[in-house]
Chemist: 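One structure follows; several queries about it will come next.
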Amino acid sequence: MLLHFLKIFLILKVVSSKPEDILSQISMELKTRTLVYFGYSIESFDHFDLKSEEPKLLVHKNISEEFQICHDEPVIIITILEPDLDYNLEIVEVLRSYLKDRQYNDVFLIDKSANSDKSYIEVLRTYWNTGFPRVLIYDSLEQLWSLQSYQFFEVKKTSLNKYLMNRDKVNLKGYPLQVLVTNDPPHCFVDEQEQPHSPNRYKGSIITIFKIFADKLNASFQAVPFPGLRRVDEAEACGSIFIKTYKYATSQPVRLNRVAIMAPFGNPIDKFYYFFRPFDFYVWLGTGLIVVYIAAMGSLLHRWHFGNWDVGQYLLLAVETLLSRGLTLPQCSSGSKLMLFLLLFAIGFVLSNLYVALLSMMLTTKLYQRPIENIADLKAANVSILLQQHNLRPNSIYGSSEELRERFLLVEESLHKEKRDGLDPSYAYVDSEDRMDFYLYQQKFLRRRRMKKLPDPVGYTWAVQVIKQNWILEKYYNEHIQRLFETGLQNKLVDDVHELAVRAGFLHFFPTQTQTIEPLRLEDIVMAAMVLGCGHALAGICFLGELLL
């Protein structure tokens, strides 16, 4: 159905046969399949020949909502051009409500007045500002008029063949294409090296798309800065990406925008925690079970042989077994004892060197936390996802789960920007995939990355641009982005924006680790201080024990 044109004839007054002949030619050239006649009452159709075999639809009441839903096709609008400009404006408002966000319609105006010197500039300007650029006027002298230039609103005589030939040709002749811009990388960002009023001051993937579009139509790109995401009525489009919505007029969605999570790559574990690894919960649990087992079995044997319980003695013996064990040598010659002690010395030498080697390896080799690959790993690592207020609702609806939403941590925009731009590995971040790739590009030359993008996206959204209601160039822009998507140029613009941001000074690569000698820091001597402190504490306890006992 979309491959054919739906022609809707809005007849407000009876017209002569000559305009109907022109409409018949237009219908034949554009291969009309359906004719829809519109009037204020059923009597409005008495003067028309409805006996043709073409499908027809007679509309004589307000069906604007049904019309927008069921007849989403290009239309032809036919009406009478009145001498009173205000009356014509009322007609335009009615047509605007019926054909909302459908600027690819043709308007056929019939002028019945005998004044051949009348200027049509105001009428055409009104239709153009409302969103109808294809306007054809038929005057009382059987002459056709149309708008020839977008910028200067030149009204010139034309013919039907010339109108049909040039209706899709657009030459804006320097018309300023006004685009709202702000710091929203990678779609739009500021190049501080450019002059404040330079069109090259704003860069980004979406800004480049608009610049190519303006150059294609022979227009000029004009940036309109706006703080706080406030819309400006005179602007025609926004240089950023939004979620597809019916609340605002948007461009045609041509690609899915994946929503991804940027999580810590795996933070290094502090060295002084290495010695606590053998004494985690399971080690203490096993040690306690050994003590309980030895005490229980000894008490049972004592009960069996002597008839009474002695739990305390065997509990102390179990603890003593874990702490120390006396060496009682059997009765043997002095030579055998010497050989035995030499063997123990050699074994101790080997074991002590092995311990020193393992300790040296632990001190010089970094260990890292368990890598995060999915939301479950994110939850196990107790990592929160930083979120801004204006991103809370989209990330709570589009594809996110309850498990993901409970990790959200709402913070101020300034704090979120500071943590995200610096790739702070203490938190995770969720946003569109192209924005994640933009910030992860900073760690391109790091030996070990700080952050990484999780492989599985958490949601999908349609990527669109907010545009002006009834934008005159909506159809051409939709065709433009469709062509960029089909040729793959859109993906190339997204990739090229990374290097563009680096050259503009917006992104800075993180410095790599140097090989130079650095002074000792506090964390380098924490473990040695702990070992030294424990040794002095044990020596003090032994000294006090000898004095008292």
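Every heavy atom of this structure was used, including side-chain atoms; hydrogens, water molecules and symmetry mates were not.
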Chemist: Distance check, rounded to the nearest 0.5 Å: Asp456 atom CG versus Asn374 atom CG?
Modeler: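 Output value for this atom pair is 7.5 Å.
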
Chemist: Identify the heavy atoms of Cys188 and Val181 that sit nearest to each other, and give their distance.
Modeler: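 The pair with the smallest heavy-atom distance is SG-CB, 3.7 Å.
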
Chemist: Please identify each residue that fulfils side chain to side chain contact (heavy atoms under 4.5 Å, CB included) with Leu493, with sequence neighbours left out.
Modeler: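 Side chain to side chain contact (heavy atoms under 4.5 Å, CB included) check on Leu493 returns Thr208, Ile209, Ile212, Leu489.
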
Chemist: With the side chain counted from C-beta on, respond yes when Tyr427 and Pro264 share a heavy-atom pair under 4.5 Å apart, and no when they do not.
Modeler: no

Chemist: Should Leu423 and Tyr439 count as side-chain neighbours, where that means a heavy-atom distance under 4.5 Å?
Modeler: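 Side chain of Leu423 against side chain of Tyr439, heavy atoms only: contact under 4.5 Å found.
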
Chemist: Quick one: does Thr182's side chain have a donor or acceptor within less than 3.5 Å of a partner on Asp184's backbone?
Modeler: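 No: the side chain of Thr182 does not pair with the backbone of Asp184.
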
Chemist: Not counting sequence neighbours, which residues clear ring-ring contact (aromatic ring centres under 6.0 Å, His included) with Tyr127? List them please.
Modeler: none

Chemist: If you apply the rule side-chain contact (heavy atoms from CB on, under 4.5 Å), what do you find for Val259 with Asp431, and how did you get there?
Modeler: CA-CA 5 Å; Val259 180; Asp431 215 319; over 6 Å; no

Chemist: Report the residues that fulfil ring-ring contact (aromatic ring centres under 6.0 Å, His included) with Phe189, sequence neighbours left out, ordered by chain and then residue number.
Modeler: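 Partners of Phe189 under the ring-ring contact (aromatic ring centres under 6.0 Å, His included) test: Phe506.
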
Chemist: For side-chain contact (heavy atoms from CB on, under 4.5 Å), just list the numbers for Ile467 and Glu474, CA-CA rounded to whole Å, side-chain angles, deciding distance to a tenth of an Å, and then say yes or no.
Modeler: CA-CA 8 Å; Ile467 60 177; Glu474 178 182 357; 3.7 Å; yes

Chemist: Among all residues two or more places apart in sequence or in another chain, which pass the side-chain hydrogen bond (donor to acceptor under 3.5 Å, both in side chains) test with Glu486?
Modeler: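 side-chain hydrogen bond (donor to acceptor under 3.5 Å, both in side chains) list for Glu486, sorted by chain: Gln482.
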
Chemist: Donor-acceptor pair, Gln442 side chain versus Asp421 backbone, under 3.5 Å?
Modeler: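 Checking the backbone N and O of Asp421 against the side chain of Gln442, a donor-acceptor pair under 3.5 Å is found.
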
Chemist: Which heavy atom of Val190 sits nearest a heavy atom of Asn183, and at what distance?
Modeler: N-OD1, 3.1 Å

Chemist: Restricting to pairs with a member in residues 249-263, which pass salt bridge (charged side-chain N to carboxylate O under 4.0 Å, His left out), not counting sequence neighbours?
Modeler: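 Every pair satisfying salt bridge (charged side-chain N to carboxylate O under 4.0 Å, His left out) with a residue in residues 249-263: Arg258-Glu433.
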
Chemist: List the residues meeting ring-ring contact (aromatic ring centres under 6.0 Å, His included) with Tyr477, not counting sequence neighbours, and say none if there are none.
Modeler: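 Listed in chain order: Phe210, Phe213, Trp471.
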
Chemist: Can you measure from CD (Glu499) to CG (Leu507) and round to the nearest 0.5 angstrom?
Modeler: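 Atom-to-atom, Glu499:CD and Leu507:CG are 9.5 Å apart.
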
Chemist: Indicate the atoms forming the closest heavy-atom contact of Gly204 with Val497, along with that distance.
Modeler: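 Scanning both residues, the minimum pair turns out to be CA-CG2, 3.6 Å.
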
Chemist: Apply salt bridge (Lys or Arg N to Asp or Glu O under 4.0 Å) to the pair Arg201 and Glu192, showing each step before the final yes or no.
Modeler: CA-CA 7 Å; Arg201 180 176 174 82; Glu192 299 293 347; 3.2 Å; yes

Chemist: If you compare all heavy atoms of Ile207 against all heavy atoms of Gly239, which two are closest, and at what distance to 0.1 Å?
Modeler: CD1-CA, 4.0 Å

Chemist: Could you tell me which non-hydrogen atom of Leu378 sits nearest to which non-hydrogen atom of Ala263, and how far apart they are?
Modeler: CD1-CB, 4.0 Å

Chemist: So does Glu406 have more than 12 non-hydrogen atoms from other groups sitting under 6.0 Å from CD?
Modeler: yes

Chemist: When you measure from the centre of the six-membered ring of Phe510, is the NZ or CZ of Arg450 under 6.0 Å away and within 45° of the axis?
Modeler: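 Verdict for Phe510: a cation-pi partner in Arg450.
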
Chemist: Is the shortest heavy-atom distance from the side chain of Asn382 to the side chain of Arg407 under 4.5 Å?
Modeler: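 Answer yes - side chains close enough.
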
Chemist: Taking Thr487 for the side chain and Arg483 for the main chain, is one N or O donor matched with an acceptor at less than 3.5 Å?
Modeler: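 Yes, because the side chain of Thr487 sits within donor-acceptor range (under 3.5 Å) of the backbone of Arg483.
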
Chemist: Dump the intermediate steps for side-chain contact (heavy atoms from CB on, under 4.5 Å) on Ile472 and Trp128, then the final yes or no.
Modeler: CA-CA 7 Å; Ile472 199 74; Trp128 191 89; 3.8 Å; yes

Chemist: If the condition is side chain to side chain contact (heavy atoms under 4.5 Å, CB included), which residues does Glu373 pass it with, not counting sequence neighbours?
Modeler: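 If we apply the side chain to side chain contact (heavy atoms under 4.5 Å, CB included) test to Glu373, skipping adjacent residues, the hits are Pro371, Asp377, Lys452, Pro455.
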
Chemist: Are the side chains of Met262 and Arg420 in contact, using a 4.5 Å heavy-atom criterion?
Modeler: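 Yes - at least one pair of side-chain heavy atoms lies under 4.5 Å apart.
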
Chemist: Taking side-chain hydrogen bond (donor to acceptor under 3.5 Å, both in side chains) as the definition, give me every residue that meets it alongside Asp437, ordered by chain and number, with sequence neighbours left out.
Modeler: Lys453

Chemist: Going from CD1 on Ile241 to NE2 on His187, what distance comes out if it is rounded to the nearest 0.5 angstrom?
Modeler: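 Going from CD1 on Ile241 over to NE2 on His187, the span is 3.5 Å.
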
Chemist: Run the ring-ring contact (aromatic ring centres under 6.0 Å, His included) test against Tyr441 and tell me which residues pass, sequence neighbours left out.
Modeler: His498, Phe509

Chemist: Leu454 vs Ile372, test: side-chain contact (heavy atoms from CB on, under 4.5 Å). Steps then yes/no.
Modeler: CA-CA 8 Å; Leu454 298 188; Ile372 298 176; 4.3 Å; yes

Chemist: Mind checking side-chain hydrogen bond (donor to acceptor under 3.5 Å, both in side chains) for Asp191 and listing every partner two or more places apart, or none if nothing turns up?
Modeler: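 Partners of Asp191 by the side-chain hydrogen bond (donor to acceptor under 3.5 Å, both in side chains) criterion, ordered by chain and then number, come out as Lys203.
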
Chemist: Could you report the tightest heavy-atom contact between Val458 and Val430, atom names first, then the distance?
Modeler: CG2-CG2, 4.1 Å

Chemist: Rounded to the nearest 0.5 Å, what's the gap from CG on Leu473 to CG on Asn478? Could you check?
Modeler: 10.5 Å

Chemist: Return yes if some donor-acceptor pair links the side-chain N/O of Glu236 with the main-chain N/O of Lys468 below 3.5 Å, else return no.
Modeler: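 Checking the backbone N and O of Lys468 against the side chain of Glu236, no donor-acceptor pair under 3.5 Å is found.
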
Chemist: When you compare the side chain of Tyr429 with that of Met436, does any pair of heavy atoms fall below 4.5 Å?
Modeler: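 A side-chain contact under 4.5 Å exists here.
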
Chemist: Rounded to the nearest 0.5 Å, what separation is found between the OG atom of Ser251 and the CD1 atom of Ile481?
Modeler: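 Rounded to the nearest 0.5 Å, the OG-CD1 separation comes out at 4.0 Å.
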
Chemist: Please check this pair: side chain of Gln443 against backbone of Met451, looking for a donor-acceptor N/O pair closer than 3.5 Å.
Modeler: yes

Chemist: Show every side-chain hydrogen bond (donor to acceptor under 3.5 Å, both in side chains) that has at least one partner inside residues 210-221, sequence neighbours left out.
Modeler: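 Qualifying pairs: Asn171-Asn218.
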
Chemist: Any non-hydrogen side-chain atom of Tyr175 less than 4.5 Å from a side-chain atom of Leu217?
Modeler: no

Chemist: With the side chain counted from C-beta on, respond yes when Phe221 and Pro176 share a heavy-atom pair under 4.5 Å apart, and no when they do not.
Modeler: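 They are not in side-chain contact.
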
Chemist: To the nearest 0.5 Å, how far apart are CZ in Phe265 and CG in Leu440?
Modeler: 11.0 Å

Chemist: Return the set of residues passing side-chain hydrogen bond (donor to acceptor under 3.5 Å, both in side chains) with Gln222 (not counting sequence neighbours), or none when no residue passes.
Modeler: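 Scan of Gln222 (side-chain hydrogen bond (donor to acceptor under 3.5 Å, both in side chains), adjacent residues dropped) gives none.
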
